[in-house]
Number of protein chains: 2
Amino acid sequence: MTEGKEITIYDIAKRLNISATTVSRGLKNHPAINKNTRKKIAEAAKELGYRSNTFASSLRSRKTNTIGVIAPRLNSYFLASVLAGMEDTASRENYNLIISQSLESSVKEIANTHTMFNKRVDGLLVSLAYDTEDINHLQPFFKKKIPVVFFDRIHNHPDSTSIVIDNFKAAYEITKHLLDQGCRRVMHLSASMLRNVYADRYRGFKQALKDYKIPHDDKYLYISSLSEQAGVEAAEYILNMAPSQRPDAVFSANDTAAVHCMIRLKAAGVKIPEDIAFAGFNNDPISKVIEPNLTTVNYPGYIMGEAAVMSLLNNIRGIHSSQTTNLIMLRSDIIVRDSSLKNKEGK
Amino acid sequence: MTEGKEITIYDIAKRLNISATTVSRGLKNHPAINKNTRKKIAEAAKELGYRSNTFASSLRSRKTNTIGVIAPRLNSYFLASVLAGMEDTASRENYNLIISQSLESSVKEIANTHTMFNKRVDGLLVSLAYDTEDINHLQPFFKKKIPVVFFDRIHNHPDSTSIVIDNFKAAYEITKHLLDQGCRRVMHLSASMLRNVYADRYRGFKQALKDYKIPHDDKYLYISSLSEQAGVEAAEYILNMAPSQRPDAVFSANDTAAVHCMIRLKAAGVKIPEDIAFAGFNNDPISKVIEPNLTTVNYPGYIMGEAAVMSLLNNIRGIHSSQTTNLIMLRSDIIVRDSSLKNKEGK
DNA sequence: AAAAAAATTGCAATCGGTTGCAATTTTTAA
DNA sequence: TTAAAAATTGCAACCGATTGCAATTTTTTT
């Protein structure tokens with residue numbers, strides 16, 4: 001089948017005694033080409049083992065059928081799920097993904113953005129790094145009207161669409177749940193307030209406290225990178241508080257920090273949920289392994305990946321622009337497990 | 001800076017009153033171009049906001065600077081780490097990654113292989129799907145001498161390099177460790193023996209038993225997909241055995257199955273490690289969360305990703321061919337934790 | 001049967017770099 | 001000072017598909 005020389009549309013044209021133009025059009029089912037001719041072209045193509053040359057095509061048509069992805073990191077359960085969803089959808093739609101990671105550094109994010117721009121991706125999917133302060137580096141994309149879709153860690157911009165869950169609501173509900181369990185000193189583990197996800201969760205957290213008329217004290221807010229290590233440190237911070245001051249619940253903005261905080265506290269003899277109830281965020285696999293199982297928010301990563309790609313493709317294809325759709329909010333639910341159930345009776 | 005028209009080498013040539021040829025060569029530091037000229041070209045390029053057109057370049061030079069990756073799935077901790085390592089290395093070397101997942105299906109793997117071939121990747125990184133029986137679908141690559149590097153789930157082929165850890169040795173040692181703890185009825189959870197990783201681990205497991213003169217009974221081998229669900233089912237399989245027949249140790253070929261098997265057994269009142277000791281494989285984050293912490297094998301995913309890319313690039317660049325280097329074995333270690341420590345005294 | 005409308009097909013000029021080979025310029029050797 | 005060797009640069013033909021516009025063929029209308 002495939003041997004020495006590469007087959008081109010010219011070879012097909014010669015074989016059928018028609019022009020390369022017709023072959024080119026026939027191969028992509030251009031309506032102006034006779035049905036019968038189309039079939040013959042398709043047959044000849046298969047027979048000769050033709051494979052289209054993407055580069056010639058992209059060069060001429062100025063379309064690359066490639067989507068760039070810039071993510072903070074690839075090796076977290078949540079992002080891996082998002083990527084899986086993106087890949088699945090993109091490949092189904094005949095698009096390729098170029099994936100890069102910023103490693104939570106805005107410097108690398110900027111470099112990656114340049115690379116994507118040079119690679120002439122048809123669109124860009126972005127989740128911002130920990131310390132990114134502005135999105136000037138995306139300016140070239142906006143200028144050239146190359147669609148940009150933010151996911152998870154978004155940035156509001158009139159020329160782009162954002163895909164999120166309702167972080168405020170989820171945080172509000174999970175905090176409310178903790179309060180309903182009788183907790184009154186709820187601590188919140190979070191990260192940079194530059195990022196919407198953390199800022200919104202914090203807002204939801206505070207709103208719930210407010211609705212329950214519980215004053216919020218800054219000593220119950222612990223900002224970190226939410227890593228394993230940070231979870232352990234948060235536990236030590238708690239252990240160092242005067243016993244009467246210690247929180248009776250912890251709501252962490254991710255499961256990793258929550259779980260490792262729990263582990264450290266348990267090692268110090270703290271009973272969960274009796275002494276301190278726990279809630280996390282993301283529904284990471286570890287949340288079902290820790291004992292007691294961790295109450296958390298189900299974050300639909302795979303679906304978010306699908307939605308991000310579809311939204312981008314709609315933009316690329318001009319089906320609807322970011323002008324129309326500025327924000328897409330996905331459904332998420334809180335999952336109550338034993339780590340927060342003080343009175344064993346369900347929610 | 002970047003505005004309406006796209007800048008080409010012809011614009012730079014015109015500006016400097018030299019030929020496009022010289023610009024082309026100057027931009028990639030061709031040694032035949034005068035140093036001074038090179039500098040002028042670089043300056044003009046920056047000043048005009050030139051960005052090279054990959055498609056024109058690929059079309060003519062028949063090089064894409066793109067590496068294809070076919071992985072069973074993207075959303076496992078191990079594979080996410082591998083991908084992170086690949087991405088890091090590839091981007092440093094100025095290569096892009098096109099990533100696809102077979103979802104453990106050989107049908108999809110074949111389809112992905114075709115796509116990669118059509119996309120004309122410069123090389124391919126492959127980890128085989130669960131049920132792939134042969135690698136005929138890679139034939140086009142071998143025929144065209146496009147380098148292929150297998151990682152983790154490999155297939156021995158004279159024209160390709162493989163990156164692995166010593167699965168036999170790791171399994172041997174971890175089984176030996178269990179035996180050293182006094183265990184005599186060791187059960188092994190594994191998956192398809194079509195895949196080297198599982199076959200080799202099984203061999204290592206059996207060899208250790210043999211060296212300890214312990215007969216191996218097929219009822220102590222449980223083949224599954226090693227998913228969470230499979231772990232639970234393995235636990236039920238064990239619980240259904242006559243108490244005197246039950247294994248006193250379980251060595252699982254991954255951590256996920258091990259952990260969920262443990263959880264189910266614990267729920268049934270089985271004491272770990274007293275009644276049944278446990279060991280897993282991969283050093284997944286969950287292994288440090290489960291109680292007791294899971295003894296496992298540290299599998300260096302990130303490093304494997306780096307090594308795979310470097311090896312592929314060496315092939316592409318002709319530094320050394322797969323003829324010379326047929327197999328690269330990475331270092332891995334077993335990590336002993338409480339799940340297998342019957343006599344509390346360390347290893 | 002002739003004219004008009006619709007359906008097909010093809011011409012030829014791109015898209016933007018790359019590269020073998022020849023031509024020109026500069027440097028070194030005699 | 002001149003010939004020979006080395007260093008630079010440029011010509012022109014690609015790479016393979018796409019597309020506006022014109023030409024040709026077929027179908028429909030009158």
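All figures in this text were calculated on a predicted structure; none of them were measured in a lab. Within every chain, numbering begins at 1; the chains are lettered A, B, ... in the order of the sequence lines, protein sequences first and strands thereafter.
- Across all strands, Thr37(A) comes closer than 4.0 Å only to sugar-phosphate atoms, never to a base (heavy-atom distances).
- If you measure from atom NE2 of His30(A) to atom C1' of dT19(D), you get 8 Å, rounded to the nearest angstrom.
- The distance between atom CG of Leu59(A) and atom P of dG16(C), rounded to the nearest whole Å, is 7 Å.
- As judged by a 4.0 angstrom heavy-atom cut-off over every strand, Lys35(A) is placed among residues making no nucleic acid contact.
- Between Thr22(B) and dG10(D) there is a side-chain N or O to OP1 or OP2 distance below 4.0 Å.
- At dG10(D), one or more side-chain N or O atoms of Ser19(B) fall inside 4.0 Å of OP1 or OP2 (strictly under the cut-off).
- Note: CD1 (Ile41(A)) to P (dT8(C)) measures 13 Å, nearest angstrom.
- Among dT18(C), dG16(C), dT9(D), the nucleotide with an atom closest to any side-chain atom of Glu6(B) is dG16(C).
- The base of dG20(C) lies close enough to the side chain of Arg25(B) for a donor and an acceptor atom to sit less than 3.5 Å apart.
- Using a 4.0 Å cut-off, some side-chain N or O of Ser57(B) falls inside it from OP1 or OP2 of dT18(C).
- Side-chain nitrogen and oxygen atoms of Lys28(B) include at least one within less than 4.0 Å of the OP1 or OP2 phosphate oxygen of dT18(C).
- Contact between the side-chain N/O atoms of Arg60(B) and the OP1/OP2 oxygens of dA13(D) is not found at any separation under 4.0 Å.
- As rounded to whole Å, 14 Å separates atom C1' of dT26(D) from atom CG of Asn36(A).
- Scanning atom types as modelled, one donor and one acceptor separated by under 3.5 angstrom connect the side chain of Thr21(A) and the base of dA12(C).
- Taken to the nearest 0.5 Å, the OG1 atom of Thr37(A) stands 6.5 Å off from the CD1 atom of Ile18(A).
- In this structure, Lys63(B) atom NZ and dT18(C) atom P are separated by 11 Å, rounded to whole Å.
- Separating the CG atom in Leu79(B) from the CG atom in Asp152(B) is a distance of 7.0 Å, to the nearest 0.5 Å.
- Across dG10(D), dT18(C), dG10(C), the shortest atom-to-atom separation from the side chain of Ser61(B) is found for dT18(C).
- Between Phe142(A) and His157(A) the shortest heavy-atom distance is CE1-CE1, 3.4 Å.
- Taken from OG in Ser76(B) to CD in Gln101(B), the straight-line distance is 10.5 Å, to the nearest 0.5 Å.
- Counting to the nearest Å, the C1' atom of dG10(C) and the CD1 atom of Ile33(A) are 10 Å from each other.
- Here the options are Leu138(B), Leu312(B), Ile146(B), the test is side chain to side chain contact (heavy atoms under 4.5 Å, CB included), and the partner is Leu124(B); only Leu138(B) passes.
- Listed candidates were dT18(C), dT9(D), dG20(D). Nearest to the side chain of Tyr10(B) is dT18(C).
- At whole-Å resolution of the value, CD1 in Ile12(B) and P in dT18(C) are 11 Å apart.
- We find that CD1 of Ile18(A) is positioned 15 Å from C1' of dT25(D), with the value rounded to whole Å.
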